[in-house]
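Worksheet: one structure, shown below.
Protein chains get the first letters and strands the later ones, always in sequence-line order, with residue 1 at the start of each. Heavy atoms only: backbone and side chains are in, while hydrogens, waters and symmetry mates are out.
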Amino acid sequence: MRTHRCGELRKVHVGQEVKLGGWVHRRRDLGGLVFVDLRDRDGIAQVAFGPDAPEVLAVAASLTPETVVSVRGLVAARPVGQANPEMPTGEIEVRATAVEVLGPAATPAIPVARGKGEELAAEELRLRHRHLDLRRPELFRNLELRHRLLQRARAELAALGFLEIETPILTKPTPEGARDYLVPSRVHPGEFYALPQSPQIYKQLLMVAGFDRYFQIARCFRDEDLRADRQPEFTQIDVEASFIGVEDVYAVTEAVLVALWREAGHEVTAPFPRMPYRDAMERYGSDKPDLRIGLEIRDITGLIGPESGEFLRAAAQRGERVRAIVAPGGAALSRKDFDQLTEDAKTMRAAGLLWAKRSPDGVTGPGAKALGPTMASALGLADGEAVLGCVGADAVVLPALGRVRLELARRLKLPPATRHAFVWIEQFPMFERDPETGVLVPMHHPFTAPHPDDRAFLASDPERVRSMHYDPVYNGVELGSGSIRIVDPALQQQVFDRLGLTPEEVQQRFGFLLEGLRAGAPPHGGIALGFDRIAMLLAGAESLRDVIAFPKTTAARALFEGAPVPARKEDLDVLRLGVAK
RNA sequence: GGGGCUGUAGCUCAGCUGGUUAGAGUGCCGGUCUGUCACACCGGAGGUCGCGGGUUCGAGCCCCGUCAGCCCCGCCA
């Protein structure tokens, strides 16, 4: 039916007779001469219809955008001066000798062909008419890249001796962690499966079984609220290995990430630098610091002196830390900029933002008095610089300044120090307290092994215990998460005890994992990489929705197919379910 | 669960301090045109101003509610 794809035609094809199939991208009707831009997966070629074949020209004149046609013709060099340097196929055109309409097309609800500077249709419409939106070359390229990244990840892991093994989609609900999507069982009325939040326990059981090196391109489901970088169903590159330690996991992960970045055309180097969680929080106010930018957070509590404002001295007296960012060029920011930065800090629950700037006239701004006359010199605040600070509990102040830091970099348009800033964040706390209930909860999951140096504190001071958990971070984005797991059933029991789980609860929730550990478990650990995010970063997309063929909206709706929908009464009856009002 | 932004022609948008007949570009339909490439030119059709209620002599504009999309906080072991 076809001899070539539109986008592949070049000067070397001149003189050949070709048959093409594709969509009418645009038509330019000059009367006695009609040009059709024909589009397929590979690109666009210009088809020229002339007066030699009047009946073919007549068909061309009637073609509407997005009609599917087949064209037969001769590849010809364009006349002198008529080449289009902006098109890969711009040196040639196809002189049509025959054309056939294969699929007539209604006028598209949203435009596929977009002119220079033309805005995209609203995202709601793009999602509703996804089949049209996916015809846009940009989205096409994103999904093609995604395909290549998947193939590359598979090839890389397989070459390293990892076996690709599938795990169940219908699995067991897990009471903690994210909310599960539940699936009712017809055979067992009143009982439910859950869709997996991740194959965590299964992959550990595979290690117990001796598979040694496992990976899976795993679909995961979490019924939580969405973000630009969070979808309710998403894809992980899930990896686990036995008889390994942290260094082995880092090496494998780095090999995969370097391969993926290379596939997308970026040369990056391993090993990646490493940073303890505590440093990341104190210097960058985030457990996923963007190391392309400076603007580090400083502890200036020690600089508070008798000439500082009462407010700061009192805070320091209470034992609170005062932390601040010095921003080169910050004095050029407007009052409005500072007001908005203050709002940003407040959305992160900070009480406010102190700020002052230094110009030749001196140090000015609402925070100048509070910081005191000697603060500027103590800080080394130079002309043109600004200082922005927060006071209060670290748990509030550091994330708030972390947010301010990113906003500052954006507003100041600071040039990134490097293009690719990978970093491993490690030594996470094993537990944290629920701020509302004060209950000890695992920071990640309860199978994460404690750091060997801190095991003694498990009983005496659990909040001091660091875990063998690690996150690879790239340019301020968390790429994944992993850990070395607990293999000693007694240690696992001790962790469950710390979490206040009763033996009955443990047996009910994790009995099958404990049973596995008791059966002889090799030391093991692994990682799960957020594949959609990686695809988004490498495609240069701003939203996960641009690298997923059929994504959900922020309200978890599928606009194209229209899901979810109310269940039919017959279906509910079979499942013996009712809908509460 | 909370906060913010947006919703006007198929699409992208404008619409002043509330004022009488709601506009532009593009697309669509008809016409002219042999080298265009966002073709050009002439003509035409096209509106539940998201939806519901209220205030007012009068509402696209003000108020209340609601729906949808997007962004953020909470949430996401």
Distance, rounded to the nearest Å, where [X] contributes [atom1] and [N] contributes [atom2]:
X: A:Ile110; N: B:U12; atom1: CD1; atom2: P; answer: 9 Å
X: A:Arg126; N: B:U12; atom1: CZ; atom2: P; answer: 11 Å
X: A:Asp180; N: B:C75; atom1: CG; atom2: C1'; answer: 14 Å
X: A:Asp344; N: B:G3; atom1: CG; atom2: C1'; answer: 13 Å
X: A:Leu125; N: B:G27; atom1: CG; atom2: C1'; answer: 14 Å
X: A:His25; N: B:G27; atom1: NE2; atom2: P; answer: 13 Å
X: A:Gln197; N: B:C76; atom1: CD; atom2: C1'; answer: 9 Å
X: A:Asp532; N: B:C76; atom1: CG; atom2: C1'; answer: 15 Å

Please list, for nucleotides 68-74 of chain B, all pairs of protein and nucleotide N/O atoms separated by less than 3.5 Å.
unit_1 : atom_1 : unit_2   : atom_2 : d
B:A68  : O2'    : A:Glu124 : OE1    : 3.4
B:A68  : O2'    : A:Glu124 : OE2    : 2.7
B:G69  : OP1    : A:Thr553 : OG1    : 3.0
B:G69  : O4'    : A:Glu124 : OE1    : 3.4
B:C70  : OP1    : A:Thr554 : N      : 3.2
B:C70  : OP2    : A:Thr554 : N      : 2.6
B:C70  : OP2    : A:Thr554 : OG1    : 2.2
B:C70  : O3'    : A:Arg545 : NH2    : 2.9
B:C71  : OP1    : A:Arg545 : NH2    : 2.9
B:C71  : OP2    : A:Arg545 : NH1    : 3.4
B:C72  : OP2    : A:Ala228 : N      : 3.4
B:C73  : OP2    : A:Arg227 : NE     : 3.0
B:G74  : N7     : A:Arg227 : NH2    : 2.9
B:G74  : O6     : A:Arg227 : NH1    : 3.1
B:G74  : O6     : A:Arg227 : NH2    : 3.4
B:G74  : N1     : A:Asp225 : OD2    : 2.7
B:G74  : N2     : A:Asp225 : OD2    : 3.1

Pairing check on [N]: which nucleotide meets the Watson-Crick or G-U wobble criteria with it, both distances under 3.5 Å?
N: B:G7; value: B:C67
N: B:U21; value: none
N: B:U34; value: none
N: B:C76; value: none
N: B:G43; value: B:C29

Taking the [atom1] atom of each, how far is [N] from [M], in whole Å?
N: B:A22; M: B:G46; atom1: C1'; value: 14 Å
N: B:C63; M: B:G18; atom1: C1'; value: 13 Å
N: B:A40; M: B:C33; atom1: C1'; value: 9 Å
N: B:C71; M: B:G25; atom1: P; value: 32 Å
N: B:C70; M: B:C49; atom1: P; value: 25 Å
N: B:C29; M: B:G10; atom1: C1'; value: 13 Å
N: B:A14; M: B:C76; atom1: C1'; value: 41 Å
N: B:A24; M: B:G15; atom1: P; value: 15 Å

>> Pair A:Phe560, A:His131 - check ring pair (Phe, Tyr, Trp, His ring centres under 6.0 Å), show working.
In response: CA-CA 9 Å; A:Phe560 184 79; A:His131 59 300; 5.5 Å; yes

> Does the distance from a Lys or Arg side-chain N to an Asp or Glu carboxylate O, for A:Glu66 and A:Arg135, drop under 4.0 Å?
Replying inline: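 Counted as a salt bridge, because a side-chain N and a carboxylate O are separated by less than 4.0 Å.
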
> Does A:Arg403 come within less than 4.0 Å of A:Glu407, counting only side-chain N to carboxylate O?
Replying inline: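 The answer is no: the pair does not qualify as a salt bridge.
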
> Does anything in residues 478-489 of chain A pair up under salt bridge (charged side-chain N to carboxylate O under 4.0 Å, His left out), and if so which pairs, sequence neighbours excluded?
Replying inline: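 Counting only pairs at least two positions apart or across chains, the salt bridge (charged side-chain N to carboxylate O under 4.0 Å, His left out) contacts touching residues 478-489 of chain A are A:Glu240-A:Arg485, A:Arg455-A:Asp488.
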
> Any donor and acceptor pair, going by atom type alone, linking the side chain of A:Asp40 with main-chain N or O of A:Cys6 inside 3.5 Å?
Replying inline: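 Between the backbone of A:Cys6 and the side chain of A:Asp40 there is a qualifying donor-acceptor contact (under 3.5 Å).
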
> Hey, is the main chain of A:Thr235 close enough, under 3.5 Å, to the side chain of A:Asp532 for a donor-acceptor pair?
Replying inline: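 Side chain of A:Asp532 to backbone of A:Thr235, a donor-acceptor pair under 3.5 Å: yes, one is there.
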
>> Which label fits A:Phe338 and A:Trp355: parallel for a plane angle under 30°, tilted from 30 to 60°, or perpendicular past 60°?
In response: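 Rings of A:Phe338 and A:Trp355: parallel, under 30°.
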
>> For A:Phe510 and A:Phe447, take the angle between the two ring planes, folded into 0 to 90°, and tell me which bin it lands in: parallel under 30, tilted 30 to 60, perpendicular over 60.
In response: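 The rings of A:Phe510 and A:Phe447 stand perpendicular, inter-plane angle above 60°.
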
>> Over all strands shown, is A:Gln200 touching base, sugar-phosphate only, or nothing at heavy-atom distances under 4.0 angstrom?
In response: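 Base, at least one base heavy atom under 4.0 Å.
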
>> I'd like to know if the side chain of A:Gln204 pairs up with that of A:His524 as donor and acceptor (distance under 3.5 Å, no hydrogens or angles considered).
In response: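 Looking only at side-chain atoms, A:His524 and A:Gln204 do form a donor-acceptor pair, the distance falling under 3.5 Å.
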
> Does any non-hydrogen side-chain atom of A:Arg130 lie less than 4.5 Å from one of A:Phe550?
Replying inline: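 In short, these two side chains touch, coming nearer than 4.5 Å.
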
> Could you run down nucleotides 31-42 of chain B 5' to 3' and tag each one B, S or - for protein heavy-atom contact under 4.0 Å?
Replying inline: --BBBBBBB---

>> Here's a test of your reading of the structure: between A:Phe447 and A:Thr107, which maps to the more 5' nucleotide of RNA chain B?
In response: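 On the 5' side of the pair lies A:Thr107.
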
> How far apart are the C-alpha atoms of A:Leu458 and A:Phe431, what are their side-chain angles, what is the distance that settles it, and do they pass the side chain to side chain contact (heavy atoms under 4.5 Å, CB included) test?
Replying inline: CA-CA 10 Å; A:Leu458 209 50; A:Phe431 306 101; 3.8 Å; yes

